[in-house]
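Index from 1, following the sequence.
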Amino acid sequence: MASSKRCAAGENGEQDAPLSERKHLRADGKRHVAALVLARGGSKGIPLKNIKMLSGVPLLGWVLRAALDSDMFDSVWVSTDHDEIEQVAKSWGAQVHRRSLEVSKDSSSSLETIQEFMRLNPAGEVTTAFNLDPAHRPRRQDWAGELCENGSFYFTVRDSLVNEGLLQGGKVAYYEMLPEFSVDIDVDIDWPVAEQRVLRYGYFGRTTPEVVRLMFCKVSGCLTEGRILLYKSGEEMVSINTRDTTGIRMLQKEAMEVVLLTSQLDPVTQSLADKLGERTACKVISVGEEPLDDLRPMVEQRKLGWKDVAYMGSDTQDVACLNLAGLSAVPGDAPVVVINAAKYTCHSAGGMGAVREFAEHILLQKEKAKSQMEQRIDRNNF
């Protein structure tokens with residue numbers, strides 16, 4: 001599975017250079033082609049919809065990953081008026097155009113927003129979907145035909161945008177998108193439908209989904225909610241969710257080894273560790289301030305690479321392992337710096353089903369890899 005984050009553009013606080021400061025022509029003499037994604041912060045139906053997690057990835061991230069990996073564009077931009085959207089866009093490798101207040105209103109059209117981008121970035125050709133009637137195109141909500149515009153993407157040239165005020169013009173064609181790849185997200189009840197579609201049909205990156213054989217899971221903050229109950233008698237108690245233990249058993253049924261990690265910074269008594277191991281049928285080990293130092297020998301001993309490892313953590317000391325692991329996840333209530341290091345962010349909080357959610361994600365990647373292999377075999381046979 002491809003890494004969920006890319007080298008951030010302008011991550012040291014500098015502004016992204018406009019296209020006008022770059023060469024109008026590429027080295028091969030062709031025009032600079034830019035992809036522009038419109039992501040306003042004022043979504044009314046679903047607040048901040050563009051950066052809401054969709055199957056563990058920000059909605060905007062799905063678009064940017066596909067655009068960047070397509071190798072079709074010389075630059076990929078996000079037009080936004082919101083700080084958090086800007087941060088997410090840069091973390092996925094896009095450049096950011098901060099749109100003005102004039103084109104950030106509820107009444108602002110896509111055309112106005114794109115035209116502003118073109119005025120401030122005059123050296124690029126913008127990629128923005130095909131339509132049927134460039135001069136009098138209906139809204140997708142008003143189209144009465146069997147085909148309706150869904151606004152997924154447009155391809156156009158500068159002259160149509162700047163001089164004619166059209167998103168499309170000249171030689172026009174349309175692309176008929178299969179229904180399983182098209183879903184409108186306007187209200188909350190659309191979100192589960194979109195998640196099911198993206199899990200089944202979504203683009204997860206250039207590489208084959210990772211099939212891991214070993215999973216490390218932190219106890220505190222992942223398998224538990226992070227609390228240790230202390231009794232007057234001196235006894236300690238933690239609670240674990242049966243959904244999470246079921247998730248562990250699902251992985252074990254697929255011949256995956258699951259190792260639970262306790263931390264010397266947040267110690268669990270040996271008696272509790274023994275009970276956790278007995279309840280989950282997992283090995284429980286204690287790791288130091290840098291878990292990677294303790295886990296690297298275990299990975300090497302099993303003759304595995306880190307691409308064969310899944311890691312679930314919840315705090316800053318887990319960042320190195322989260323970055324290295326082929327699959328990595330954090331609970332939904334993890335700190336931002338930890339979320340940024342993970343490839344998957346769970347909806348559930350620690351101790352509330354997050355481990356089960358990650359287990360299902362791991363098994364889904366295994367199924368995707370199996371399906372891709374079968375498709376390659378089928379193509380070879382025919």
| query | So Leu276 and Leu223, side chain to side chain contact (heavy atoms under 4.5 Å, CB included) or not? Walk me through it. | reply | CA-CA 10 Å; Leu276 281 173; Leu223 188 61; 4.3 Å; yes
| task | To the nearest 0.5 Å, tell me how far Leu111 CG sits from Met118 CE. | result | 11.0 Å
| Side chains of Val259 and Met298 in contact at under 4.5 Å (non-hydrogen atoms) | yes
| note | Between Arg98 and the options Asp83, Asp81, Thr80, the side chain to side chain donor-acceptor pair (under 3.5 Å) test singles out Asp83
| task | Using the side chain to side chain contact (heavy atoms under 4.5 Å, CB included) rule, take Thr262 and Val287 through it: C-alpha gap first, then chi angles, then the decisive distance, then the call. | result | CA-CA 6 Å; Thr262 62; Val287 295; over 6 Å; no
| said: We want to know whether Ser100 and Glu116 form a side-chain donor-acceptor pair, criterion being a heavy-atom distance below 3.5 angstrom. | reply: yes
| How close do Gly221 and Ser314 get, heavy atom to heavy atom, and via which atoms? | CA-OG, 3.7 Å
| query | Transitively linked via ILVMFWY side-chain contacts under 4.5 Å: Met53 with Val337? | reply | yes
| Shortest non-hydrogen separation from Gly313 to Pro331 and the atoms involved | O-CD, 3.3 Å
| said: Can you confirm whether more than 12 heavy atoms, excluding those of Gln87, are under 6.0 Å from its CD atom? | reply: no
| note | Nearest heavy-atom contact between Ala194 and Ile185 is CB-CD1, 3.6 Å
| remark: Rounded to the nearest 0.5 Å, the CG atom of Leu60 sits from the CZ atom of Arg65 at a distance of 11.5 Å
| field | Steps toward side chain to side chain contact (heavy atoms under 4.5 Å, CB included) verdict (Leu261, Leu295) | value | CA-CA 10 Å; Leu261 309 177; Leu295 301 181; 3.8 Å; yes
| request: Decide whether Ile248 and Met352 are clustered together by the hydrophobic rule: side chain heavy atoms of Ile, Leu, Val, Met, Phe, Trp, Tyr closer than 4.5 Å, transitively. | output: no
| said: With a sphere of 6.0 Å drawn around NZ of Lys52, does it hold more than 12 non-hydrogen atoms of other residues, nucleotides or ligands? | reply: yes
| field | CG-CZ distance between Leu48 and Arg40, expressed to the nearest 0.5 angstrom | value | 11.0 Å
| Under a single-linkage definition using a 4.5 Å side-chain heavy-atom cutoff for Ile, Leu, Val, Met, Phe, Trp and Tyr, are Phe181 and Val193 assigned to the same hydrophobic cluster? | no
| message | Regarding Arg99 and Ser79, do their side chains bring together a donor and an acceptor under 3.5 Å, going by distance alone? | response | yes
| query | How many angstroms lie between atom CG of Leu251 and atom CZ of Phe358, to the nearest 0.5 angstrom? | reply | 8.5 Å
| request: Determine the minimum heavy-atom distance between Pro291 and Tyr311, stating which atoms define it. | output: CB-OH, 3.9 Å
| request: Go through the steps to decide whether Leu59 and Trp191 satisfy the test side chain to side chain contact (heavy atoms under 4.5 Å, CB included), and finish with yes or no. | output: CA-CA 10 Å; Leu59 178 61; Trp191 206 263; 4.2 Å; yes
| Gln252 CD to Thr280 OG1 distance, which is reported to the nearest 0.5 Å | 7.0 Å
| query | Should Leu178 and Tyr175 be regarded as members of a common hydrophobic cluster, given that ILVMFWY residues are connected when their side-chain heavy atoms come within less than 4.5 Å of each other, either directly or indirectly? | reply | yes
| From Leu304 CG over to Arg213 CZ, what is the distance, rounded to the nearest 0.5 angstrom? | 5.0 Å
| Over all atoms of both residues, closest heavy-atom pair of Cys222 and Cys217 | CB-SG, 4.1 Å
| Lys218 versus Asp318: any side-chain heavy-atom pair under 4.5 Å? | yes
| request: Determine the minimum heavy-atom distance between Cys346 and Ala354, stating which atoms define it. | output: SG-O, 3.5 Å
| field | Residues Glu357, Arg243; criterion salt bridge (Lys or Arg N to Asp or Glu O under 4.0 Å); working and verdict | value | CA-CA 9 Å; Glu357 186 179 338; Arg243 286 182 293 169; over 6 Å; no
| message | For the backbone of Ala67 and the side chain of Ser70, can you confirm whether one donor and one acceptor N or O come within less than 3.5 Å of each other? | response | yes
| request: Assign the ring pair Phe216 / Trp306 to parallel, tilted or perpendicular, where the plane angle (0 to 90°) is split at 30° and 60°. | output: tilted
